[in-house]
Amino acid sequence: MSDHISGPRALADPIADITDFYAFPSPERPGWLVLVMNTLPFAPADGRFSDGLIYRFRLRPADVDPGARRVSAAAGPEWTLDCVFDDAGAGRLTRPDGEVISFEAGGDVPVDDGSGVRVFAGPRWDPFIMDAPAGLRTVAEQRLSFNDPGSIFLDGKNVLALVVELDCDRLLGRSGPVAVVAETRTRGTLSVRIERVGRPEVKNLLLGPKQFDQVNRDLEIRDLYNMEDAFHLGSSYVGAYRARLHANLGFWDGLDGVVQWPRDSSGAHPLTELVLADYLVVDASRPYAEKGSFLEIERAVLAGHEPRTCGGRALNDDVIDTLYTLWITADSGPAISDGVDAASRPASTVFPYLAPPNPDPPTPPEHM
């Protein structure tokens with residue numbers, strides 16, 4: 001459920017729905033950064049990307065300052081990588097310097113032509129690790145509702161995966177920490193942001209539930225949030241986002257009966273601003289870490305010490321347990337697990353990393 005079906009618009013037009021976003025150093029090429037944008041929940045094994053969308057990755061330098069206990073995206077420069085497709089399945093990737101790389105979507109052989117990028121686009125096995133129904137039951141029943149073992153909802157479903165690997169020194173002029181986000185946008189003279197994703201479960205578990213928010217209890221807020229610039233939230237709705245996050249983060253904190261994240265005198269939750277800085281921070285100059293690096297840079301800096309890992313989010317990292325443990329115990333108690341620790345078909349360390357698609361995926365439910 002990471003970002004699957006993250007609002008009414010995604011449910012109505014799932015071709016633009018970003019299900020997941022990953023960013024990690026290349027396991028094969030030191031100094032290269034891997035970006036993965038998965039789209040289209042329940043994609044067929046022969047699914048195609050839309051010719052009406054721009055699939056965009058945005059990157060900015062990250063300011064990582066343990067002394068000031070601050071992690072943020074710098075105001076500039078900004079680098080973008082845009083992918084578009086035609087109705088026959090051919091793709092074009094525009095590098096940050098404007099050079100265009102052509103490739104064939106769905107091909108088994110990725111583009112790797114000495115241009116400083118590798119690219120693959122096509123159906124893949126959905127790698128997301130989570131017992132999604134148990135997470136929704138926990139919200140609905142207001143109690144921890146996880147099973148041991150849990151199960152991945154409709155395991156074997158496919159997604160459309162866009163995998164771009166880039167040489168940071170060559171294309172960005174640096175290999176230090178960067179803040180990264182994925183977007184889908186309409187293609188044409190007027191380009192409208194449809195979805196954007198940084199970290200998992202911001203929309204579905206932190207912004208989606210309305211019952212705890214006494215300020216905007218009747219407001220479906222996720223489509224508004226999807227349209228925002230991840231690096232610069234507009235002033236019109238930021239108060240509504242904060243009210244929703246204060247309330248829902250407070251709900252998660254109270255599930256074990258102990259308040260680990262006391263709110264301040266105005267009712268603000270200590271994690272709200274971290275959540276609103278909704279992008280992955282990853283350092284491709286550090287070694288690839290298959291597990292345990294998710295949010296490590298942010299949590300280290302907030303604790304006032306230097307990060308130890310590359311950060312970002314790798315495909316085989318059980319990030320949902322990391323989030324539950326942070327939200328509920330502030331990392332001060334036993335780990336909170338939803339009973340699912342790995343994908344049934346884990347990712348590899350060979351490009352394009354995600355497992356091949358399921359030729360006979362499960363049938364999606366009629367009503368989501």
Side-chain angles (χ1 to χ4, degrees), residues 21-27 29-37 56-81 96 164-183 196-202 206 228-233 238 242 245 249 261 268-315 317 319 322-323 325-327 330-332:
F21 173 50
Y22 303 84
F24 51 92
S26 170
R29 300 184 177 190
W32 287 56
L33 176 65
V34 182
L35 303 172
V36 179
M37 183 193 316
R56 175 172 292 175
F57 297 107
R58 299 173 61 200
L59 305 90
R60 291 189 180 187
D63 180 12
V64 178
D65 188 344
R69 303 196 176 197
R70 182 182 67 244
V71 181
S72 60
E78 180 171 316
W79 306 280
T80 62
L81 295 104
V164 177
E165 186 167 310
L166 64 147
D167 183 338
C168 293
D169 283 335
R170 178 171 174 180
L171 297 185
L172 309 183
R174 68 195 309 272
S175 58
V178 291
V180 293
V181 65
E183 298 180 347
R196 49 96 174 194
V197 177
R199 302 193 192 99
E201 293 305 343
V202 170
L206 293 184
E228 295 274 3
D229 184 334
F231 297 130
H232 183 71
L233 295 178
V238 69
R242 287 195 173 103
L245 290 173
L249 286 164
W261 296 105
H269 191 282
L271 288 178
T272 292
E273 298 309 312
L274 173 64
V275 174
L276 285 176
D278 191 6
Y279 37 76
L280 294 176
V281 178
V282 57
D283 188 346
S285 69
R286 293 177 178 263
Y288 165 74
E290 183 162 284
K291 298 182 180 181
S293 66
F294 174 66
L295 277 182
E296 193 276 327
I297 291 178
E298 293 92 330
R299 293 152 78 190
V301 169
L302 290 177
H305 58 77
E306 290 288 338
R308 298 183 300 275
T309 74
C310 59
R313 181 188 177 194
L315 289 159
D317 202 350
V319 301
T322 300
L323 288 173
T325 303
L326 176 67
W327 299 344
D331 295 328
S332 63

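Throughout, numbering of the chain's residues begins at 1 and tracks the sequence. What you see is a predicted model, and the numbers here were worked out from it, not measured in a lab.
Residues Leu172 and Asp167 are not in side-chain contact: their nearest non-hydrogen atoms beyond the backbone lie 4.5 Å or more apart. Residues Leu280 and Phe294 form a side-chain contact, since some pair of their non-hydrogen atoms from C-beta on lies under 4.5 Å apart. Contact check for Phe24 versus Arg313: no side-chain heavy atoms found under the 4.5 Å cut-off. Between Glu273 and Leu276, some side-chain heavy-atom pair lies under the 4.5 Å cut-off. Contact check for Pro96 versus Thr80: no side-chain heavy atoms found under the 4.5 Å cut-off. For the pair Leu35/Leu166, a side-chain contact is recorded, criterion being any heavy-atom separation below 4.5 Å from C-beta on. Looking at Ser175 and Trp32, their side chains never come closer than 4.5 Å, going by heavy atoms from C-beta outward. Taking 4.5 Å as the limit, some side-chain heavy atom of Leu323 sits within range of a side-chain heavy atom of Pro200.
Among all heavy-atom pairs drawn from Asp278 and Ala230, the shortest one is O-CB, 4.0 Å. Contact record, Val180 with Tyr279: O-CB, 3.3 Å, taken as the closest heavy-atom pair. Minimum heavy-atom separation, Phe231 to Ala179: CZ-O, 3.8 Å. Nearest heavy atoms, Gly311 versus Ser293: O-OG, 3.0 Å. Contact detail for Asp283 and Pro25: the closest heavy-atom pair is O-CG, 3.7 Å. Shortest non-hydrogen contact noted between Glu290 and Ala314 is O-CB, 3.6 Å.
Using a 4.0 Å cut-off between a side-chain N of Lys or Arg and a carboxylate O of Asp or Glu, Arg199 and Glu298 qualify as a salt bridge. Residues Asp65 and Arg70 are paired through a salt bridge, judged by an N-O separation under 4.0 Å between the basic side chain and the carboxylate. In this structure, Glu78 pairs ionically with Arg58, as a charged nitrogen and a carboxylate oxygen lie closer than 4.0 Å. Residues Asp331 and Arg299 are paired through a salt bridge, judged by an N-O separation under 4.0 Å between the basic side chain and the carboxylate.
Between the side chain of Glu296 and the backbone N or O of Thr309 there is at least one donor-acceptor pair closer than 3.5 Å. Looking at Trp327, its side chain never comes within 3.5 Å of a backbone N or O of Leu271 through a donor-acceptor pair. Side-chain atoms of Arg174 come within 3.5 Å of backbone N or O of Pro177 as a donor-acceptor pair.
Going from atom CZ of Arg242 over to atom NE2 of His269 covers 15.0 Å, rounded to the nearest 0.5 Å. Taking OG1 from Thr322 and CG from Leu326, the interatomic distance works out to 8.5 Å, rounded to the nearest 0.5 Å. Glu183 CD to Arg196 CZ: the interatomic distance, rounded to the nearest 0.5 Å, is 8.5 Å.
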Working for side chain to side chain contact (heavy atoms under 4.5 Å, CB included), residues Thr272 and Leu249: CA-CA 8 Å; Thr272 292; Leu249 286 164; 3.7 Å; yes
Worked verdict on Val202 versus Val275 for side chain to side chain contact (heavy atoms under 4.5 Å, CB included): CA-CA 7 Å; Val202 170; Val275 174; 3.9 Å; yes
